[in-house]
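The figures here come from the full heavy-atom set of this structure, side chains too, leaving out hydrogens, waters and symmetry mates. Quick caveat: nothing in here was measured; it's all calculated off a predicted structure.
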Amino acid sequence: MSPELLTIIVRGGIFTLCLLTAFAYLTFIERRMLAFFTWRVGPNRVGPWGLFQPVADGVKTILKQEMVPMKADKVLYMMSPVIAFAACFGMFGLIPVGEGVWMSNVPVAVLLLLGLSSLGAYGLILAGWSSQSRYPFLGSLRTCAQVISYELALGLTLLVPVIITGSLSFNDIGNIYWGPHWNPLYLLVLLPAGLLFLVAACAETGRVPFDLPECEAEIVAGYHTEYSSMKYAMFPMGEYIAMTAFSAIAVHMFLGGYHLYIPSSIDLTQPWINISNWVGLLVDKIGLSGALAPPWGPPKWLVPEPYWASLSLSPAGLSTTLTFLAKMAILILTFMWVRATLPRMRYDQLMRFGWKLMLPVGLVLVFLTSVLVVFAPPAGSEAEDDYGSRPQPVVEVEDVYASR
Amino acid sequence: MNTTGEYNWVALFLFGGACVLGLAFALAALLRPSNPGLFKRLTFESGARALGDALVRFNVRFYILAIVFLMFDVDVVFIFPWAAAFRLLVFGEENRLFTPMGPACLWEMFVFIGILMLGWAYAYRKGALEWV
């Protein structure tokens, strides 16, 4: 087994464990937060402060009896929770979490991600259809209509940072504010685009103001009415992981990714100081040595030398990861706050909002961004209209042929 | 940078996710009690016995919406390569052997987005986006 493959497998295992734990504790944090917002106590019985509640929930879900409806299409019924979960889960295979901390560094990550988020809709639609029951069927149709309506706005808002940075890779887009292409005027389009993205992400994952797929007063539980036990658990699991993934995407697209900069003076137009590697700065200040010196990794007697380098974590990797997680946590808590604050929309309001407001606004934002990129070039560039002053490379081509 | 390997890792991660699910399902199947009965296996219909087929007729507006979506979605995906290459097309790049297009690139795309907006206005006018 090559060191590269082993690294990827170990890293994938760590990612998977972290994601599953994150899902379990997100449900707990959300319940505690909702309780806090509504002046209740929330789950606090299992373990200290109720911290073992997710474990209890998991054990209960696994031990529950499973009931498969007689009429159900068995193969699709089995497959749809897997599709719904794996599509959301797979998004984290594309999203870098810190500098060097990623499953893959694909140059077209944004496009692949859009594809995966559409793929998740198949799971929900098939779940409703294969149950062969009326409520799930209606629920799946609703889900389908909702997801496709907001997918357009989602794609269009993602285009704004893509146009500004000229890249589809998260590592480039994350550096948007401090990269060579930055101009403060771009905030005019980035702010509304970020807001639209959060709304569209809410709708895509079926979070509260847009949780019409699971509108219990109208269609019982929507597409997962007929699911029980572990198969049922896959749907909320996919939903929470999708919420985490969309927060991660929003951080990369609109909040400067895993970078951290502070202004050097009160005048914000001055160049900002890069403190992305704050752990490294701290380590330099304290002066760790010997076994404590970075990079940190598993004990050397456990992991042989060729593997160790790729499994270890540098201070830069650690600090960027922590920064990224902190930014993500802010967005996830915002999603939860929104859930506690806003009532559910009516279905026609939902459709009107998506098609008559989000879609045209998204198109106008793309339009404005391209205008800004052409007529408000990066602040650092020397000429206003750069495109005329560049040397014409075509001449060079002719020269090459002439010299032969 | 060789990036073909990177796509394999994404696929591997997806596959790994599906495997984790398989393990969870298997574990649940081993541990949980299984006591199926006729009434447990009936489809849920608010307590009444479900009559007829579940795949009922439903409103045609879903079809219209799906068609409008398909049209716009393909167009949005078409905008993506343009967006990624936009800066390059307008300004060009050092050591890259092609003539930058300048603002012409912008106007050409505006025609496309304009047609898209026209299509949206037409759908709006025809009531395809209404949900009554």
Side-chain angles (χ1 to χ4, degrees), chain A residues 8 12 16 62-71 82 85-86 89-90 93-94 103-107 111 132-135 137 141 145 148 152 155-156 159 162-163 166-168 181 220 225-226 229-230 347-348 351-352 355-356 359-360 363 367 370 373-374 386-387 390 392-394 396-397, chain B residues 3 6-7 9-10 12-14 16-18 20-21 24-25 27-28 31-36 40-45 50 54-56 58 62 65-66 69 72-73 76 79-80 83-88 90-92 96-100 102-103 106 109-110 113 116-117 120 124 129 131-132:
Chain A
I8 287 293
T16 311
I62 285 183
L63 292 180
K64 278 283 173 188
Q65 215 180 118
E66 187 168 304
M67 289 168 283
V68 183
M70 271 186 293
K71 286 186 186 167
V82 179
F85 173 81
F89 181 81
L94 295 164
M103 283 302 297
S104 68
N105 182 17
V106 176
L111 208 55
Q132 299 281 3
S133 174
R134 287 203 178 92
Y135 289 118
F137 178 63
L141 281 177
I148 62 175
L152 293 173
L156 285 172
L159 278 170
V162 167
I163 293 176
S167 166
L168 285 168
H181 301 315
V220 190
T225 307
E226 296 291 352
S229 181
M230 214 48 209
Y347 204 79
D348 59 328
M351 286 320 214
R352 202 188 313 142
W355 284 100
K356 295 188 180 170
L359 179 61
L363 276 175
F367 188 86
S370 47
V373 164
V374 172
D386 215 8
Y387 40 83
R390 281 276 158 79
Q392 296 295 311
V394 177
E396 287 174 26
V397 177
Chain B
T3 53
E6 304 283 333
Y7 294 99
W9 305 144
V10 181
L12 193 69
F13 191 67
L14 259 175
V20 167
L21 273 199
F25 283 172
L27 187 70
L31 290 177
R32 66 166 177 246
S34 176
N35 187 14
K40 281 183 191 167
R41 299 185 62 209
L42 288 179
T43 46
F44 179 78
E45 193 82 43
L55 303 180
V56 289
F58 61 95
F62 282 106
L65 206 69
F69 162 72
F72 278 105
D73 203 38
V76 168
I79 299 179
F80 257 90
F86 183 65
R87 209 172 264 285
L88 193 69
V90 176
F91 298 110
R96 182 90 59 132
L97 297 179
F98 83 106
T99 322
L106 190 66
M109 204 54 186
F110 278 3
I113 297 183
L116 214 60
M117 286 298 269
W120 175 80
Y124 195 134
L129 308 180
W131 195 277
V132 190

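- Of all non-hydrogen atoms in B:Asn35 and A:Gln65, the two that sit nearest each other are O-OE1, 3.2 Å.
- The two residues B:Leu14 and A:Ala86 make their nearest non-hydrogen contact at CD2-O, 3.2 Å.
- Contacts with chain B were tallied for A:Leu359, A:Val162, A:Ile163, A:Val82; A:Ile163 has the most, counting heavy-atom pairs under 4.5 Å.
- For B:Phe13 against A:Phe89, the heavy-atom pair with the smallest separation is CE2-O, 3.3 Å.
- Here CH2 of A:Trp355 is found 13.5 Å from OH of B:Tyr124. Values are rounded to the nearest 0.5 Å.
- Expressed to the nearest 0.5 Å, how far OH of B:Tyr7 lies from CG of A:Leu94 amounts to 9.5 Å.
- Both the backbone and the side chain of A:Leu141 come within less than 4.5 Å of a heavy atom in chain B.
- In terms of heavy-atom proximity, B:Ala66 sits nearest to A:Ile148 at CA-CD1, 4.0 Å.
- Across every non-hydrogen atom of B:Arg32 and A:Lys64, the tightest pair is CD-O, 3.2 Å.
- Across all their heavy atoms, A:Gly93 and B:Val10 have their closest contact at O-CG2, 3.9 Å.
- Contact of A:Phe367 with chain B is made through backbone and side chain together, with heavy-atom distances under 4.5 Å.
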Starting from the C-alpha separation in whole Å, work towards a yes-or-no answer on side chain to side chain contact (heavy atoms under 4.5 Å, CB included) for B:Leu12 and A:Ile8. CA-CA 9 Å; B:Leu12 193 69; A:Ile8 287 293; 3.7 Å; yes

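- Heavy-atom distances place both the backbone and the side chain of A:Met103 under 4.5 Å from chain B.
- Both the backbone and the side chain of B:Ala24 come within contact range of chain A, each with at least one heavy atom under 4.5 Å from a heavy atom of that chain.
- Put simply, the side chain of A:Ser370 does not reach to within 4.5 Å of the side chain of B:Met109, judged on heavy atoms.
- The part of B:Leu21 that comes within reach of chain A is its side chain, from C-beta onward, which places non-hydrogen atoms under 4.5 angstrom from that chain.
- With a 4.5 angstrom heavy-atom cutoff, B:Phe86 touches chain A only via side-chain atoms.
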